[in-house]
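The chains referred to below are lettered A, B, ... by the order of the sequence lines, with proteins before strands, and numbering in each begins at 1.
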Amino acid sequence: MNLRKREPLIFERSVPGKVGLDLPVLDVPPAADTRPDHLRRESFDALPSCSEPEVIRHFTRLSQWNYGMDQGMYPLGSCTMKHNPRLNERVASLPGFADSHPMADEGLVQGNLALIFTLQEWLKEITGLAAVTLQPSAGAAGELTGVQLIRAYHVANGRKRKVILIPDSAHGTNPATAAMAGYEVLDVASAADGTVSFEDVTDPVSGKVKQGLTSLLAEHHDEVAGLMVTNPNTLGIFEHRIDAICKAIHDVGGLVYMDGANMNALVGVARPGDFGVDVMHMNLHKTMSTPHGGGGPGAGPVACTKALEPFLPRPVVVRDTVKVGEGEVPQHTYRWDWDRPKSIGKVHTFFGNFGMLVRAMTYCLSHGGDGLRDATLRAIVNANYIRRQLLGVYNLPIESPTMHEVVFNDAIQARNDVHTLDIAKRLIDYGFHPPTIYFPMVVSGALMIEPTESESREELDAFVDAMKAIAKEAEENPDLLHQAPVTAPLRRLDETTAARKPVLRWTKG
Amino acid sequence: MNLRKREPLIFERSVPGKVGLDLPVLDVPPAADTRPDHLRRESFDALPSCSEPEVIRHFTRLSQWNYGMDQGMYPLGSCTMKHNPRLNERVASLPGFADSHPMADEGLVQGNLALIFTLQEWLKEITGLAAVTLQPSAGAAGELTGVQLIRAYHVANGRKRKVILIPDSAHGTNPATAAMAGYEVLDVASAADGTVSFEDVTDPVSGKVKQGLTSLLAEHHDEVAGLMVTNPNTLGIFEHRIDAICKAIHDVGGLVYMDGANMNALVGVARPGDFGVDVMHMNLHKTMSTPHGGGGPGAGPVACTKALEPFLPRPVVVRDTVKVGEGEVPQHTYRWDWDRPKSIGKVHTFFGNFGMLVRAMTYCLSHGGDGLRDATLRAIVNANYIRRQLLGVYNLPIESPTMHEVVFNDAIQARNDVHTLDIAKRLIDYGFHPPTIYFPMVVSGALMIEPTESESREELDAFVDAMKAIAKEAEENPDLLHQAPVTAPLRRLDETTAARKPVLRWTKG
Amino acid sequence: MRYLPTADAEDRALLEAIGVRSAEDLLSGVPDRLRLKRPLDLPPTASELEVLRAMERMSALNKRFRTRFLGAGAYAHFCPSAVDAQISRQEWFTAYTPYQPEISQGTLQHIFEYQTLVCDLTGLEVTNASLYDGGTACVEAALMAVRVQRKRTKVLVSEGLHPLYREVLRSGFASHEELSLVDVKLADGVTDPVDLAAKLDDTVAAVLVGYPNFLGHVEDLKALSDLAHGKGALLISVTQEAMAFGWLEAPGKVGADMACGEAMSFGTMTSFGGPFLGFLAVKDAHKREIPGRVVGQTTDLEGRTGYVLTLTAREQHIKRDRATSNICSNQGLIALRANMWLQLAGPEGFKGLAAQNAAKAQYLRARLLELPDWEAVDDAPFFNEFPLRFTGDMKAMRAALMDEGILPGLDLTPHLPGYKNCVLWCATELNTRHQIEHLIEVLARVASVVG
Amino acid sequence: MRYLPTADAEDRALLEAIGVRSAEDLLSGVPDRLRLKRPLDLPPTASELEVLRAMERMSALNKRFRTRFLGAGAYAHFCPSAVDAQISRQEWFTAYTPYQPEISQGTLQHIFEYQTLVCDLTGLEVTNASLYDGGTACVEAALMAVRVQRKRTKVLVSEGLHPLYREVLRSGFASHEELSLVDVKLADGVTDPVDLAAKLDDTVAAVLVGYPNFLGHVEDLKALSDLAHGKGALLISVTQEAMAFGWLEAPGKVGADMACGEAMSFGTMTSFGGPFLGFLAVKDAHKREIPGRVVGQTTDLEGRTGYVLTLTAREQHIKRDRATSNICSNQGLIALRANMWLQLAGPEGFKGLAAQNAAKAQYLRARLLELPDWEAVDDAPFFNEFPLRFTGDMKAMRAALMDEGILPGLDLTPHLPGYKNCVLWCATELNTRHQIEHLIEVLARVASVVG
Ligand SMILES: Cc1ncc(COP(=O)(O)O)c(C=O)c1O
Ligand SMILES: Cc1ncc(COP(=O)(O)O)c(C=O)c1O
């Protein structure tokens, strides 16, 4: 229980002479100073001097102003905030893994290579694709890797293609990635049911016409390198024409990239490789529950078809099997294959966020194939339970079947001038982390709720009750919501000034 | 940040069929049921069925309603709430220690025996006494061990003694221990300066006369088994006549037991063995910072003179030194000596709270002799700084020099009908744990403040400011204090009803 | 020193504010003649790295075993990773006894739930926030029985109790000339009803029996308590392996008036015997005689449910020399381990793990008895421990096992008369079939070498 | 399954409330033709105990070394126990990116302090909440330089940069035909000023040099940046061993316009190369071109100081295909490690540890050069790494060391032309003199055997 109102910046606490770390006795002659004078480090401007207890208290107090998964439901849509088992943390810190060195000879790290190989096999079975790389550090890195594979593939086939198609409901990393990979991005319209539209769509308000897949392909067919589609999409809706979409792209010689951030809705239920996807990433920090760490690290493995395999980042782990003898269990050894002439190279200095891969492997083994599917189904049940309970209380702009997350908006509350932001902030007062808001952009004032399979009925009901209470407050006392949050240590923060006159670090003064 | 108002009892959350632990596959034949029918466990009435995430959240939320040392000053007088280094926790969990078995042959646990031996040597040097046992589980257990040593000593010398003298300022465990060891307890009066009085003392109010040491010894000399004295005493005052006190007790053939709960004020500064104490305990969970764990475990080693050594609990660790050869470092081996005919036996099933001994040893090695003394001095400085800052703001009933803790009371605030309890509860609103209150009993409305050496000047000032603000509120708005705490998740609790109609467990209803 | 907030500037400021020149000036209360005039003769401050290395070296002096078959009062069981993670939160492990309820509800509600579970496992109505360990819990239980039973001054102790518990009992009773402890013999590995009947009379306050006992055998509490009650004595059930509560009926439901013992099996390492977790559960009628901290439910000023330390009129800080015990600090954090362990296990997990313990022990015994040099001693039902007599060279056999990384069961020879050359074997859910086969293989090798 | 809150009763209640019979009924959105008609071909749910054992077995397939002299981009340094304990708090490690500031001030203030320290160490004015790692930070830095430098399309890369950083750079630039990367040669182990001068022209946007470089050598940033600036190019300092910031002047203070690299040395294990901590610091003038999350200070409705994610107009979720980068998740928790590590070390501790690194490396080099078969390659000043040429049998030598539990430095042969048969030795504060003597002893033995 932290009832203090403020924790000063550590720099304000620094007192020269205090130490938080004692040096070991130096057991060799002191270093001769070989540095050119102008390259000698003399002093620091901010690095603080504090005792160990002060630093520990500083961070402990700060931590107490955060909200974590072990406290309650964290319904950030698209972020998949599920239980982070402590076993996974324990396994990742086993010295055999934690102390292993990325530049060590492969013979010394057979355990790591075995883990990478095994996890790749699991992801191949889960995605239904032929090959996997675990090198990308996060989802966006996975997207970039995937799009680079597409580019390499076209280049290898002597095709010049400069366009990537992306539905307007896509996550921002999709267009940003395409651009970073040197592509021009064209939006694809969404149909009324929230999925990719083949037909052009006229905006009822502006009257502007947005091109659908058919006309875009007709117009750009031989320029189209591929399509980036999220499935289920950011509305939590399964792209029920995904096979047709893939076929249309393939027909013009393009490839389909699937953003697999929502794979937690498909594991054990459907496989992208089976419905035509050429390459995709998964966010292990979502579907496989590696902790988000307040922003990272994540892991964004990429799975692809046989046709794209030669272009995968290097090195690629290879398993050699030695039969020991009649009827004996086969012995495996593993090695790195660096000799990959068509490889796009490296997308991480070493082999990706390995520690996260260890956690994901542990998560997979714990669940097993059956447990993974059960998790998918429970996640879908939970999302539909919330949809059912809040139907009519909040507006459901698109009514297609809900998979793992449901998107409401503030249309009903807006009548009382209560908006999505107000609802989100008020949830804080009720002891919940708010859902994702104002995303996807195709829904105005979106409230994107993803409970995940980790939530018990009791916790779902508590959340539903809070949402209902807020809807009631919106009717009876809108201003209360404009003021929210009122019980948190801070009220709403001025983000405009923060951006207009940025203060991005502390300076003496 | 936990803004929820209530966490239900886990039993209310239980849903039959949920599991929080999966069983391993049984790799041997299932157990034959050899139990007599009436001894077969069929069911449980309370044991809950919950998933792992639910149990983790339950405890995490509960934890967030506690206040810990890593949050801020925890000035519980006599409890010595100091920094709990994480290194100590890490070392205690080293498998070599954590997995060692108490019934294993001594040859298999040489590391444990070496640790016990070494820690005993440190405590001998610190206390100035000849022998140490680490078996007692906590301070009170140490007291009981010490008094049993005294009893065994007298019995061995054919003396029948049935009285233990205890100053009225003593901690409750002292008289309780003496009684538990079969002794009759006689109070010794405290002098105006707060220390043990040789002369009888007349209570100004009641006019009752309380006997001092001199007359008590004159009256009971050959019945007196010994004296239990705390030094510095519970007022944070050093018994400046301790040598004379010891002599007086020794003169009647008694022995002096020192309650060493306050040794953190003496380490490196003065040694009980040097000023006449025969036997004492130390609270490693105070002086050596092993964590309190919300009530325990602790460790209460007992140190004593050569004369008492034969009576120590068994087994006793013995070090055998093998000289390997000319000028080589001597090699040590350790063994248990169980053959202790005069031993009082055992005061713990095995060897005490070993894990706490590991932490204490680590703490000692980290500080070293110099660091331990620096800690003592800083603890004294901090207590005196608070005394100085709050002088006049709160009443200081006894003005003798302050060692490691200072005792104020509510005499000034009482004029506005604001009492110690109100002041303590209000501190919670200011984000501090309250000090020890209404103890020692010799001071009415005592506020016993022990900052320890861990507190920085900044934190001390924050505490002082809070105390001053509260004193001001007592003048201007006493009722605010009667209402305190107001920002905590709960207001004041009804302890009377709790004791009158005790509800001590949950029952299905 | 990294733990101290000292810095010249800061120190000077503090001393100036106090009005002294140096810290030593504040020692005026300690007469010069009583001060230590030299530095402590101990090593200097050391860095974390150096201390860690020194302690790692020390811990490495202990021999580690891949496979362990040793129990005898300290059991290796599985503990979910979530438990260690939770008790490592500073909110739990650095907090003090919850004297101030408004700022300690976490600890208080946990203890209330823990108390509920201990009552559930023992089938009794009232318990406390913990006692030191199994041995000292026996002392508190026996002394409480004497208080409750007024003029009765004798306590009978089955020889089936852990030998060390019995020694702790003797030490605890030594200071009370008015009280006496009398041993009750074993017959076929369990408390001998004949000897018990013979020793029961109206001076007997209580009878302590193991459940299961030191040999792992299941005592028939029902029969024994009937005998005790017949003479107005209380039956105190002593459990050294609490995992058995998942296999055996609650003692309170089969005649026990009190249940005490050791609960380290719920989430605590063997850690050389401590910190462990003593418990004591009693009937409601006796609640005001129970030692130690007790948490009760109540409400706050606004009627909200909350928890507080209660029945404090029994305790040392109020009653002083008339308190029910001198205990103050207890084993709080270990009780938290047990509480969380039990909540995670739940009824299915707990009974399932207990059943696996029984299965492993039964399989181990069966395999051992297939070997030429191992013989049954007695055939009482057992839980996860049992004694077998070894006809071969004990020392050689034990050495051979240890060389193979196997920690054998306890050699009972020095511990229990009548069990010379017997080994007390223990198997838990941690012992795989593979480990057992490996053990048998090594033992067979030894046998063939010797014979 | 223990992680799922499923129980028949609960499931039924949920499905009834939704109005379906089974969970499968909710898959109506997935056309039957697209569904997986069989169970996944993977093992079943496993208990924690079984999973733990399986993973322990896997980790045991990695060889562990008591002594390590291998750095080359991943450094073993001491990390105070307080760091692991702190990052294990659920409030930190389970939280998401701080989108909702009122409920994320802990993470936001930490990042603000972290940004302050990165700026302090690099001598620059603006940084972000972290990037993936050293190699990808180089890509972001180079692409940012190109944006800042407008029409300039060439980036010069010193061959002194970590070979893998250079490969990541090539991969990142491959998709941009309009851009080109050009290598700059080494001379005597540092970037060759002559070659650099020759390759600098007004198409060059920036020059990347290691500081210290891959060989552990200290590049003269001042001289190199003067050259670059002379042709209007930016100087980007790349640091793969951030511990060097305690020994070397901040790059921003000796001419660097940007500083990027790897900061895993602050409290992170080598963990097979990840998760690590990429950083990038730039000048204030360039702040709106920086990639990734940036935290800024502001005030709340009541004027209290607080922190928020800011300058979001640069980012993918706002700017989409015109964002400065596609990065979304970063290495947040590793930045927390670094922040706490630095705050504990402080100026004294940090400079002290860095000096010990230099001392150990210098001592190691001196001792190695006493051996017959080790020769100096170049004599540039170095921090805690240096290359030496080995005239003996490389394979045999390495095998001998590994047998003795010593992980040798990197064999440079496959990694850097001109360094055939050279070993890149690294020593840190973790290498004791005893370890170094042991190494020398083993090498001497090998030498005598071979020679
Ligand atoms: C749909 C979608 N795509 C991509 C991403 C980016 O993943 P990452 O943050 O791991 O880079 C996210 C994460 O927010 C996402 O929700
Ligand atoms: C002066 C004094 N004596 C004895 C004790 C009892 O110590 P423990 O709680 O370790 O049994 C305490 C602890 O509060 C104390 O302060």
For [X] and [Y], which I'm curious about, is there any donor-acceptor pair between the side chains at under 3.5 Å?
X        : Y        : answer
C:Asp133 : B:Thr349 : yes
B:Asp27  : C:His434 : no
B:Asn353 : C:Gln331 : yes
C:Ser175 : B:Arg151 : no
B:Lys425 : C:Gln100 : yes
B:Glu495 : C:Thr310 : no
B:Gln71  : C:Gln90  : yes
C:Asn326 : B:Thr173 : no

Working to the nearest 0.5 angstrom, can you tell me the gap between [X] [atom1] and [Y] [atom2]?
X        : Y        : atom1 : atom2 : answer
C:Gln86  : B:Leu62  : CD    : CG    : 8.5 Å
C:Tyr99  : B:Phe439 : OH    : CZ    : 9.5 Å
B:Asp45  : C:Thr116 : CG    : OG1   : 11.0 Å
C:Thr94  : B:Asp70  : OG1   : CG    : 5.5 Å
B:Glu143 : C:Cys328 : CD    : SG    : 8.5 Å
C:Met55  : B:Ser366 : CE    : OG    : 9.0 Å

Any idea how B:Phe350 and C:Phe276 line up, ring-wise: parallel (<30°), tilted (30 to 60°), or perpendicular (>60°)?
-> perpendicular
In terms of side-chain geometry, is the basic nitrogen of [X] or [Y] positioned less than 4.0 Å from the acidic oxygen of its partner?
X        : Y        : value
B:Asp274 : C:Arg35  : no
B:Glu7   : C:Arg304 : no
C:Glu302 : B:Lys5   : no
C:Arg33  : B:Asp243 : yes

Side chain, backbone, both or neither of B:Gln110 within contact of chain C (heavy atoms, under 4.5 Å) = both
Pair count under 4.5 Å, heavy atoms only, with chain C: among B:Gly96, B:Gly68, B:Gly293, highest is B:Gly293
Counting heavy-atom pairs under 4.5 angstrom with chain C, the leader among B:Thr497, B:Leu372, B:Leu23 is B:Leu23
side-chain contact (heavy atoms from CB on, under 4.5 Å) evaluation trace for C:Leu42 with B:Asp370 | CA-CA 8 Å; C:Leu42 299 168; B:Asp370 50 346; over 6 Å; no
With chain B, which of C:Arg433, C:Arg68, C:Glu429 has the greatest number of heavy-atom pairs at distances under 4.5 Å?
-> C:Arg433
In a check of side-chain contact (heavy atoms from CB on, under 4.5 Å) between C:Phe272 and each of B:Val109, B:Val358, B:Asp99, which one passes?
-> B:Val109
Evaluate the criterion side-chain contact (heavy atoms from CB on, under 4.5 Å) for residue pair B:Leu26 and C:Lys360; output intermediate values, then yes/no.
-> CA-CA 9 Å; B:Leu26 183 61; C:Lys360 305 267 184 171; 4.1 Å; yes
Is the gap between the ring centers of C:Tyr132 and B:His348 under 6.0 Å?
-> no
Passes side-chain contact (heavy atoms from CB on, under 4.5 Å), B:Arg505 versus C:Gln297? Steps please.
-> CA-CA 8 Å; B:Arg505 66 190 167 110; C:Gln297 193 175 52; over 6 Å; no
Within the side chain of B:Glu125, is there an N or O that forms a donor-acceptor pair under 3.5 Å with the backbone of C:Asp41?
-> yes
Test log, rule side-chain contact (heavy atoms from CB on, under 4.5 Å), inputs C:Ser325 and B:Met180 = CA-CA 7 Å; C:Ser325 166; B:Met180 206 168 173; 4.0 Å; yes
Determine the minimum heavy-atom distance between B:His101 and C:Ala74, stating which atoms define it.
-> NE2-O, 2.8 Å
